[in-house]
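Okay, structure first, notes after.
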Amino acid sequence: QVQLVESGGGLVQVGGSLKLSCAASGRTFSRYAMGWFRQAPGKERSFVAAITWTGSTTYSADSVTGRFTISRDNAKTTVYLQMNSLKLEDTAVYYCAARAFSGTSDRPIDYDYWGPGTQVTVSS
């Protein structure tokens, strides 16, 4: 069992930066691949980025590649999403998710645990 809690969301202007954190409970955090997803009003939940349980491999959606970076600190049982050069279309609720498997996935159905989400609003 893994419990996830996101933090770090907020209001930021276009071009600004935010760093999201996702704190996980449970001593087996290092055995989970982690992912970030987002959901804008009226849209389906979509993949943002994912990282393997060792942190050796990351994968991100084309829309955020070069702007967002996923990382993890297994000692702190925390995964991060550094978001730079934010755009209006990045506005969404951001969720972190844990997958009881070593490899990454961009499909929400492949993840076993989810956090409640944190709101990110990008304004002009």
Side-chain angles (χ1 to χ4, degrees):
Q1 191 85 8
V2 176
Q3 292 184 326
L4 306 172
V5 178
E6 304 92 341
S7 63
L11 177 65
V12 63
Q13 289 190 326
V14 170
S17 298
L18 279 176
K19 186 174 184 177
L20 305 183
S21 299
C22 174
S25 66
R27 56 184 178 175
T28 59
F29 175 75
S30 61
R31 308 298 286 182
Y32 288 85
M34 300 296 295
W36 284 97
F37 292 79
R38 65 187 181 186
Q39 188 165 18
K43 295 187 177 181
E44 293 185 351
R45 193 167 298 190
S46 63
F47 171 73
V48 176
I51 188 167
T52 55
W53 61 17
T54 64
S56 61
T57 303
T58 62
Y59 169 48
S60 60
D62 290 343
S63 59
V64 305
T65 297
R67 300 188 298 122
F68 292 11
T69 302
I70 187 171
S71 62
R72 67 189 295 162
D73 185 335
N74 286 345
K76 296 182 178 180
T77 64
T78 301
V79 63
Y80 305 97
L81 184 68
Q82 177 66 49
M83 305 186 295
N84 299 327
S85 302
L86 283 160
K87 304 176 180 180
L88 292 174
E89 53 264 40
D90 294 320
T91 295
V93 177
Y94 283 71
Y95 300 89
C96 72
R99 181 175 188 229
F101 192 73
S102 61
T104 60
S105 172
D106 59 5
R107 304 191 310 164
I109 196 173
D110 289 335
Y111 288 80
D112 304 291
Y113 303 100
W114 292 83
T118 186
Q119 176 71 48
V120 172
T121 302
V122 184
S123 69
S124 57

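If you're wondering where the values come from, they're calculated on a predicted model, not measured in any experiment.
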Side-chain heavy atoms of [X] within contact of [Y], under 4.5 Å:
X      : Y      : result
Asn74  : Phe29  : yes
Trp114 : Phe37  : yes
Tyr94  : Gln39  : no
Leu88  : Ser124 : yes
Tyr80  : Arg72  : no
Met83  : Arg67  : no
Phe47  : Pro108 : no

Please check if any side-chain donor atom of [X] sits under 3.5 Å from a side-chain acceptor atom of [Y], or the reverse.
X      : Y      : value
Ser21  : Thr78  : no
Arg99  : Tyr111 : no
Asp110 : Ser105 : yes
Ser17  : Asn84  : yes

Where do [X] and [Y] come nearest, in terms of heavy atoms and distance?
X     : Y      : result
Leu86 : Val122 : CB-CG2, 4.0 Å
Ala40 : Ala92  : N-CB, 3.8 Å
Met34 : Cys22  : CE-SG, 4.4 Å
Ser30 : Trp53  : O-CB, 3.0 Å

Short side-chain to backbone donor-acceptor contact, [X] and [Y], under 3.5 Å:
X      : Y      : answer
Thr118 : Gly9   : yes
Arg38  : Val93  : no
Glu6   : Gly117 : yes
Tyr113 : Ala24  : no

Grouping I, L, V, M, F, W and Y whenever their side-chain heavy atoms are under 4.5 Å apart, do [X] and [Y] come out in a common cluster?
X      : Y     : value
Val120 : Leu81 : yes
Ile70  : Val2  : yes
Phe68  : Leu11 : no
Leu20  : Val79 : yes

Rounded to the nearest 0.5 Å, what separation is found between the [atom1] atom of [X] and the [atom2] atom of [Y]?
X     : Y      : atom1 : atom2 : answer
Ser63 : Asp90  : OG    : CG    : 7.5 Å
Trp36 : Ile51  : CH2   : CD1   : 11.5 Å
Tyr59 : Thr52  : OH    : OG1   : 14.0 Å
Arg31 : Ser102 : CZ    : OG    : 8.5 Å
Lys43 : Glu89  : NZ    : CD    : 8.5 Å

Can you tell me if CD on Gln3 sees more than 12 non-hydrogen neighbours from other groups inside 6.0 Å?
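Atom CD in Gln3 is not crowded, with 12 or fewer foreign heavy atoms closer than 6.0 Å.
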Do other residues, nucleotides or ligands put more than 12 heavy atoms under 6.0 Å from the CD atom of Glu44?
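Atom CD in Glu44 is not crowded, with 12 or fewer foreign heavy atoms closer than 6.0 Å.
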Verify side chain to side chain contact (heavy atoms under 4.5 Å, CB included) between Ser123 and Val12, making sure each step is shown before the conclusion.
CA-CA 6 Å; Ser123 69; Val12 63; over 6 Å; no
